[in-house]
Amino acid sequence: MYIILNAGPVERRSRAFLSLVLLSGLVLTAACKRDLGSQAGAAVKTAPIDCIIPRPSSVVASEGKFVLQPGTAILVNGEDAEVRNVAEYLASRLRPATGFAFEVRPAAGAVANGHIQVGTISGDSMLGEEGYELKVSAEQVLLSAWKAEGLFRGVQTLRQLLPAAIEKPTVQTGQWEIQAGKVQDRPRFAWRGAMLDVSRHFFGVADVKRYIDEIAYYKLNRLHLHLSDDQGWRVEIRSWPKLATLGGSTQVGGGPGGYFSQADYSDIVAYAGSRYITIIPEIDMPGHTNAALASYPELNCSGKAPALYTGIEVGFSSLCADKELTYKFVDDVVRELAALTPGPYIHVGGDEASSTPEPAYKKFMTRVQKIVQDRGKQMIGWGEVAKMDGLSPQSLVQHWTDDANLPRLAAEAGAKVIMSPATRVYLDMKYTPSTALGQDWAARVEVRDGYTWDPATFISGVGEDQIIGVETPIWTETLATFSDLEYMAFPRLPGTAEIGWSAAAGRDWDEYRERLATHGARLAAMGVNFYRSPQVPWPDSVAYK
Ligand code: TNX
């Protein structure tokens with residue numbers, strides 16, 4: 001038996017057809033609870049086909065099961081190196097728990113031998129950059145897409161169709177069955193992001209890569225790294241070396257901090273790229289800059305450097321908008337980061353600049369936007385940047401406060417909005433009053449609160465067309481370890497992933513929580529620490545761990 005990976009346009013389908021299957025998919029997803037026949041006593045269980053997160057556009061189950069065998073190969077259709085890489089990635093996900101070899105080889109020979117049916121393999125440009133189609137029968141698994149990126153997203157679905165034990169790092173016993181059926185899928189929003197604050201507490205390359213893998217599993221495609229703040233500067237800038245060596249030398253609570261060398265940063269960018277995730281670097285300014293101001297006295301209006309800062313207050317620091325040197329500094333930083341960043345965006349913060357007088361703030365942001373554009377990138381700023389003069393329609397504005405005027409201003413200027421309302425998607429907000437970690441200045445966000453909102457109806461006057469997507473930030477003032485971080489991110493992050501990927505129609509909490517419950521075993525198999533929310537009907541096997 002073979003798994004065939006294929007990319008390329010073949011079949012054409014009308015939109016009417018897609019929406020028809022979409023409807024049938026909605027009916028089927030209501031049945032995630034069903035146990036489709038597991039083997040008593042076996043370590044692995046067959047996963048129902050309709051428990052996928054984010055919910056696909058269409059899922060149709062059919063008779064039969066595909067069973068992975070020791071000799072199952074992954075056949076690559078065509079010559080594309082990227083497709084081959086995705087096939088290798090799939091093999092790497094399937095090998096540890098099965099112990100099987102999953103040889104990756106060209107499909108052509110196998111077709112000639114007559115062992116497999118390639119048929120009219122459907123790579124469909126209607127599925128877009130990230131869409132895919134997955135067909136499973138007793139004889140084969142056929143994954144197709146228009147682009148390798150779509151195949152990568154489809155691989156995540158395939159993983160979720162296998163028993164949860166497929167995610168374990170060591171060989172498991174049992175049958176590796178996949179329910180037969182067909183999944184057709186494409187995302188609602190182009191921007192489905194996570195943000196990681198590596199400034200308040202530093203997280204190193206290995207942690208960032210692990211987070212990349214975790215968010216990739218839920219089909220996110222952006223990782224925004226909050227690389228500088230009052231407590232630490234976390235990326236090497238060669239023209240201003242003390243930013244990292246001094247500005248990166250501590251963190252909240254006074255620990256040793258750390259920073260990414262440019263090689264580390266490039267390593268992260270490449271790793272994210274192999275998961276079709278764009279890295280967005282953020283240098284927060286003009287506020288949130290104590291680490292930079294402490295590293296270079298000349299950046300201060302007073303000419304005097306403040307001490308390094310290890311507390312968790314905000315709003316006390318500012319670059320000096322009236323000094324020409326400030327703009328030389330910004331240009332150097334943006335130039336070096338732009339050169340290291342293949343993605344089209346540089347995030348410049350712009351939030352909570354309460355120590356920067358308003359006229360200075362406006363002047364500063366206008367110049368910074370030009371610097372970013374002159375270095376060939378699009379500017380992103382937090383909501384407050386909408387107040388600047390001359391916000392460019394190329395820039396993106398990230399909405400986070402409850403001030404609805406800011407995203408409206410952005411939309412009026414023609415700039416697209418990234419939706420990150422703190423009351424819904426801030427992963428550092430406590431779940432309940434008794435959550436030990438996190439903060440609660442915006443809200444307490446139980447799993448249900450994080451799921452039951454829609455980006456296109458959240459702010460009147462800012463609709464689907466003005467919104468590029470959603471992003472879920474995790475701020476790390478109170479999160480010192482990767483395990484802390486996972487506990488706050490999971491299981492809320494999959495909900496935001498679904499809001500970004502899946503159609504709004506038919507999204508329903510009572511149905512979702514059943515699906516989410518089945519992901520407990522998946523997260524546990526991956527070794528992810530997660531909050532056992534009482535709102536989710538976890539199976540006993542994961543409920544009290
Ligand atoms: C607000 S969100 C901030 C961050 C804090 C966060 C804590 C934003 C743009 N600014 O500086 O870390 O709250 O929840």
Side-chain angles (χ1 to χ4, degrees), residues 193-203 222 224-234 251-253 257 280-293 309-319 345-356 361 364-365 368 379-388 395-407 410 417-431 435-445 449-450 458 470-480 484-485 487-489 492-493 496:
M195 189 218 79
L196 174 60
D197 172 9
V198 293
S199 181
R200 273 54 176 271
H201 280 98
F202 182 61
F203 292 87
R222 304 278 186 269
H224 164 183
L225 291 174
H226 185 75
L227 289 169
S228 72
D229 212 302
D230 292 316
Q231 298 85 347
W233 185 285
R234 307 297 181 203
Q251 61 184 2
V252 168
I280 290 98
E282 178 188 353
I283 299 299
D284 201 347
M285 51 191 153
H288 293 276
T289 44
N290 190 76
L293 296 167
Y309 181 69
T310 59
I312 65 167
E313 293 301 312
V314 297
F316 59 87
S317 57
S318 180
L319 290 174
Y345 313 101
I346 302 277
H347 200 306
V348 297
D351 60 309
E352 296 177 319
S354 32
S355 299
T356 319
Y361 177 84
F364 177 85
M365 292 315 315
V368 167
M379 184 190 85
I380 308 179
W382 294 106
E384 291 95 315
V385 302
K387 288 186 288 194
M388 71 190 267
S395 296
L396 303 179
V397 172
Q398 187 164 11
H399 174 62
W400 65 283
T401 62
D402 52 14
D403 183 350
N405 272 326
L406 297 172
V417 176
I418 301 167
M419 290 294 287
S420 298
T423 52
R424 301 294 182 156
V425 302
Y426 267 30
L427 295 171
D428 61 316
M429 290 298 119
K430 290 177 184 289
Y431 293 98
T435 309
L437 300 166
Q439 307 202 59
D440 58 5
W441 63 262
R444 294 183 190 112
V445 184
D449 306 311
F458 199 69
V470 291
E471 185 174 300
T472 185
I474 191 156
W475 302 98
T476 58
E477 287 95 330
T478 65
L479 310 176
D484 290 352
L485 207 121
Y487 182 82
M488 298 306 277
R492 288 183 287 198
L493 185 142
T496 308

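We count ligands from 1, going down the list as the structure has it; atoms in each ligand are counted the same way.
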- Message: Arg200: which residues meet the salt bridge (Lys or Arg N to Asp or Glu O under 4.0 Å) condition with it, sequence neighbours left out?
- Response: Asp197, Asp229, Glu477
- Partner of His224 under ring-ring contact (aromatic ring centres under 6.0 Å, His included), chosen from Tyr345, Trp400, Trp475, Trp382: Trp382
- Task: Supply the atom-to-atom distance Ile380 CD1 to Leu396 CG, rounded to the nearest 0.5 angstrom.
- Result: 4.5 Å
- Query: In Å, rounded to the nearest 0.5 Å, how long is the span from CG of Asn290 to CH2 of Trp233?
  - Reply: 12.5 Å
- Using heavy atoms and a cut-off under 4.0 Å, could you grab the residues that are in contact with ligand 1, chain by chain, numbers ascending? Arg200, His288, Asp351, Glu352, Trp382, Trp400, Tyr426, Asp428, Met429, Gln439, Trp441, Trp475, Glu477
- Task: Of all the heavy-atom pairs spanning Pro286 and Gly350, show the shortest one and how long it is.
- Result: CD-CA, 4.4 Å
- Query: What pair of heavy atoms forms the shortest contact from Val252 to His201, and how long is it?
  - Reply: O-NE2, 3.4 Å
